[in-house]
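Notes for the one structure printed next.
Since the model is a prediction, treat every value here as computed from it, not as a measurement.
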Amino acid sequence: MKKTLLIVHHSLTGGTAQLAQAALRGAQTEEGVQTRLLKAVDAGPDDLLAADGYLFATPENLAAIAGLMKDFFDRCYYPVLDRIQGRPYATLVCAGSDGSNAARQIARIATGWRLKAAAEPLIVCTHAQTPAQILAPKQIGAADLQRAEELGAGLAAGLALGVF
């Protein structure tokens with residue numbers, strides 16, 4: 001029976017979406033895994049319950065996860081509590097300078113759900129610091145897209161092999 005990897009993301013300027021798409025490409029190389037890519041606004045508790053593993057991708061806004069990712073976690077937290085424990089997850093963060101606080105926020109939520117971290121958070125810094133740079137459409141470099149693709153492939157392979 002195929003395992004399902006759910007990738008939930010939000011992206012305002014395109015950087016996080018590019019990373020999520022790269023992770024999806026990587027995950028799709030694993031034949032034993034079905035992949036689903038959903039925007040945070042479209043994902044809900046049933047999607048989490050139907051998946052065997054997760055990849056959460058968010059920009060860091062004001063040293064926190066994006067509001068629509070927070071909304072996703074708020075809507076889903078209690079409906080799936082004690083129903084998804086032990087499942088693997090990974091995190092992608094697209095940040096202007098740091099990204100570590102957004103990664104920590106997701107880790108705390110995952111701890112509450114008793115998920116297992118399958119990898120260290122992948123944080124990609126765009127170095128956008130001015131209002132114009134922050135709001136501008138992002139173009140993620142090939143090396144960072146490759147890292148996201150490898151993360152997706154590794155997570156999917158671990159699911160397929162029953163490593164997690």
Checklist entry - Is there a donor-acceptor pair closer than 3.5 Å between any side-chain N or O of Q18 and the backbone N or O of I140? => result yes
Next on the checklist: Between D52 and R87, does any NZ, NE, NH1 or NH2 come within less than 4.0 Å of an OD or OE carboxylate oxygen?
Outcome noted: no
Checklist outcome for this item: Heavy-atom closest pair (T13 atom, A136 atom, distance to 0.1 Å) is CB-O, 3.4 Å
Checklist entry - In Å, rounded to the nearest 0.5 Å, how long is the span from OG1 of T91 to CE of M69? => result 8.5 Å
Item to check | Lys/Arg-Asp/Glu bridge criterion (N-O < 4.0 Å) met for D144, R147 | outcome: yes
Checklist outcome for this item: Distance col, row E150:CD vs R25:CZ, nearest 0.5 angstrom, shows 12.0 Å
Checklist entry - Looking only at atom types and distance, does a side-chain atom of Q133 sit under 3.5 Å from a main-chain N or O of T130, one as donor and one as acceptor? => result yes
Next on the checklist: Using ring centroids (six-membered ring only for Trp), state whether W113 and Y77 fall under 6.0 Å.
Outcome noted: yes
Checklist entry - Is the backbone of P79 close enough, under 3.5 Å, to the side chain of R83 for a donor and an acceptor to pair up by distance? => result yes
Item to check | Point-to-point distance, once rounded to the nearest 0.5 Å, from CG of D42 to NE2 of H9 | outcome: 8.5 Å
Item to check | Closest heavy-atom pair and its distance - L68, H10 | outcome: CD1-CE1, 3.4 Å
Next on the checklist: Check this for me: K138, atom NZ, are more than 12 non-hydrogen atoms of other residues, nucleotides or ligands nearer than 6.0 Å?
Outcome noted: yes
Item to check | Shortest non-hydrogen contact between I84 and L49, atoms and distance | outcome: CG2-CD2, 3.9 Å
Item to check | Expected output: side-chain Q34 to main-chain K2 donor-acceptor under 3.5 Å | outcome: no
Item to check | Close side-chain approach of L55 and L6, heavy atoms under 4.5 Å | outcome: no
Next on the checklist: Looking at every non-hydrogen atom in both residues, tell me the closest pair between G152 and L5 and how far apart they are.
Outcome noted: O-CD2, 4.3 Å
Item to check | Shortest non-hydrogen contact from P45 toward C76 | outcome: N-SG, 3.5 Å
Checklist outcome for this item: Heavy atoms of A148 and L19 approach each other most closely as CB-O, 3.6 Å
Next on the checklist: Parallel, tilted or perpendicular: which one describes the rings of F72 and F56, with boundaries at 30° and 60°?
Outcome noted: tilted
Item to check | Pairwise distance CD1(I109) to NZ(K70) - rounded to 0.5 angstrom | outcome: 7.0 Å
